[in-house]
Amino acid sequence: MASHFDMVSGFIDTPDVPPPARRMAALLLIDTLGVAAGATRLDPSRIARDFVVDFHGAGRSEHAAPLLFDGRLASVPGAAFAAATQIDNLDGHDGFNPVKGHIGCAVVPALIAFSAALPDLTATAALDTLAMSYEIGARAGLALHATVHDYHTSGAWNALAVAALGCRLRNASQKQLREALGIAEYHGPRSQMMREIAHPTMLHDGSGMGALTGSMATLLALRGFEGAPAITVEAPEVSDFWQDLGTRWTILENYIKPYPVCRWAHAPLDALDGLMRQHDLTHNDIESLRIGTFAESAALYPGMPETTGQAQYSLAFALATLMRYGHVGPEHIAGAGLTDPEVARLMPRISVRVEARHNATFPQYRMADVTLTTTDGRELKSGDTHARGGLDAPLTEAEIERKFHNFTAPTLGAERSARIWSMRDRLLEPDARFCELTALVTPAP
């Protein structure tokens, strides 16, 4: 069963990360931390941080890690859990289309937590470890989706990416790595994603538990705890998913979200945004919208949300918000944004249908089309539209930076926000240490 494990182990130990992949790792790292900053004041974020301080403390100081944008200490698994839960509950983080989920949401918090005991960790080593974990996560996700019936959340497989990251940073032996991957897979949350789509809550995509399980798996394996071999890594039927490890860098294929809502809503949002900009429309000019999209997108929460979780999984709410404000930001999915009477008034103008051609391209692509009828009787069509932020419709660097500051500045202030953004380039310099970044992102706002 371990026929290709040696190859996987060798890659985890010494990944030969090409410069484009390292640069992408730096960008995804900073973008993800921006989402974490923007989520600091959300209820699930506060609950998760308070919970780990109370119940996941470190028994000894050398095992402690600071919480992101908080400053208090917890255990390494606790800190990783809290940060991943925080990021997951704003839903503005990167993803990888083929796995229908997210890697950075779990591995970035784990990297910050494990690095607390490594003050001399170089930025290059940190970025290479992060890039490696994206590659492990992508293939573990593909293998899981190909071998089980249910559609499971990201936590079910990004736990293995976290375990790989932790093992590399802690210099685990090959045997310890094998046990850690097995523990992470066995204990990973096999939570069904469509349950959360139908009834949105604070659970989101399971990445909090993925980060917790993966971190614990590393630390248990280092102490001699044994785990069953990871099927998604070692089973003969998944071998093909691992053959391009080290030659295809899937991290370069990850998308960056322009909106803090479920990725399945992004193609309709981009199609509507394009029509409104092209024809200089406001919400007062729109009589109705007809959305053609894929089945998973059409299944998003249909009503006026009462919670942030519902808002992030509501297609009609996101579209009505874009109609009203011209963008969708963190301020729209919490607080007063949830009771906006104008957004509620616009939602009944939207109808959604499932289109077979959009189903056929999912999950490799997220596509939709919009037909807009104006109040003066014109019918405007967007045509088939890719969700922006990935290889097919990338965001500009200016757009990514603008998103980062929109997410972070209200919480951290413009000066601290600018310093963290500047680390995207600083981390790529040969003399940079990773603690330069963690010193900026662990103190409280």
Side-chain angles (χ1 to χ4, degrees), residues 12-13 29 32-33 36 45-87 105-123 125-126 129-130 132-133 155 158-189 207-227 433-444:
I12 291 172
D13 185 48
L29 169 62
T32 304
L33 291 171
S45 307
R46 175 187 53 77
I47 292 170
R49 296 196 309 273
D50 289 348
F51 180 84
V52 299
V53 169
D54 287 342
F55 298 106
H56 282 270
R60 297 203 299 268
S61 60
E62 63 266 28
H63 299 321
L67 303 185
L68 273 177
F69 303 108
D70 184 292
R72 292 177 293 174
L73 298 175
S75 66
V76 168
F81 165 80
T85 300
Q86 183 162 317
I87 295 162
C105 186
V107 295
V108 166
L111 176 61
I112 300 294
F114 275 105
S115 72
L118 301 168
D120 295 324
L121 180 68
T122 68
T129 300
L130 186 64
M132 174 277 294
S133 67
N158 64 26
L160 280 79
V162 170
L165 178 147
C167 282
R168 184 165 193 265
L169 291 177
R170 291 295 176 94
N171 296 313
S173 68
Q174 186 180 62
K175 182 182 185 304
Q176 290 168 332
L177 169 65
R178 189 171 187 235
E179 305 299 348
L181 293 175
I183 296 166
E185 182 190 76
Y186 193 85
H187 285 158
S207 289
M209 292 305 295
L212 176 72
T213 301
S215 301
M216 287 181 60
T218 293
L219 298 172
L220 283 167
L222 290 172
R223 294 189 172 210
F225 200 89
E226 297 177 348
R433 291 193 303 164
F434 193 63
C435 64
E436 296 175 44
L437 173 63
T438 57
L440 292 173
V441 300
T442 49

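Computed from heavy atoms alone, side chains included, the values below leave out hydrogens, waters and symmetry copies.
Within the structure, every pair that satisfies the salt bridge (charged side-chain N to carboxylate O under 4.0 Å, His left out) test and touches residues 55-65, not counting sequence neighbours, is listed here: Arg60-Glu62. For residues 106-116, the set of pairs meeting the salt bridge (charged side-chain N to carboxylate O under 4.0 Å, His left out) definition, not counting sequence neighbours, is empty. Applying the side-chain hydrogen bond (donor to acceptor under 3.5 Å, both in side chains) test to every pair with at least one member in residues 68-81, sequence neighbours left out, gives these pairs: Arg49-Asp70, Asp50-Arg72, Asp70-Arg72.
Closest non-hydrogen pair, Ser215 versus Ala80, comes out as OG-CB, 3.6 Å. Minimum heavy-atom separation, Ala113 to Ala65: O-CB, 3.6 Å. Listed here is the closest heavy atom pair of Ala79 and Ala74: N-CB, 4.1 Å. Pairing each heavy atom of Phe81 with each of Gly208, the nearest pair is CD1-O, 3.2 Å. Here the closest non-hydrogen pair linking Cys435 and Pro119 is SG-O, 3.6 Å. The minimum heavy-atom distance linking Ala184 with Thr213 is given by the pair O-CG2, 3.7 Å.
Not a single ring-ring contact (aromatic ring centres under 6.0 Å, His included) links His187 to another residue, sequence neighbours left out. Partners of Met132 according to the side chain to side chain contact (heavy atoms under 4.5 Å, CB included) rule, which considers only residues two or more places apart in sequence or in another chain, are Phe11, Ile12, Pro15, Thr129, Ile136, Ala164, Arg168. Looking at residues two or more places apart in sequence or on another chain, you find a side chain to side chain contact (heavy atoms under 4.5 Å, CB included) between Glu436 and Met423, Arg426, Ala432, Arg433. Not a single salt bridge (Lys or Arg N to Asp or Glu O under 4.0 Å) links Glu185 to another residue, sequence neighbours left out. For Asp13, there are no side chain to side chain donor-acceptor pair (under 3.5 Å) partners at least two apart in sequence or on another chain. The side chain to side chain contact (heavy atoms under 4.5 Å, CB included) test applied to Leu121 returns Ser115, Leu118, Ala125, Ala126, Leu169, Phe434, not counting sequence neighbours. In terms of the side chain to side chain donor-acceptor pair (under 3.5 Å) criterion, residue partners of Thr32 (sequence neighbours excluded) are, by chain and number, Asp94. For Ser133, the side chain to side chain contact (heavy atoms under 4.5 Å, CB included) test picks out Val107, Leu130, Ala161, Leu165, with sequence neighbours left out.
Taken to the nearest 0.5 Å, the CZ atom of Arg178 stands 13.5 Å off from the SG atom of Cys167. The OG atom of Ser207 sits 13.5 Å away from atom CD of Gln86, with the distance rounded to the nearest 0.5 Å. If you take CG on Leu67 and CD1 on Ile112, they are separated by 12.0 Å, rounding to the nearest 0.5 Å.
Side chains of Leu440 and Leu33 form no contact here, defined as non-hydrogen atoms less than 4.5 Å apart. For the pair Leu212 and His56, the minimum side-chain heavy-atom distance is below 4.5 Å.
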Donor-acceptor pairs under 3.5 angstrom involving side-chain atoms of residues 217-226: please list them, not counting sequence neighbours.
| unit_1 | atom_1 | unit_2 | atom_2 | d |
| --- | --- | --- | --- | --- |
| Thr218 | OG1 | Ala163 | O | 3.0 |

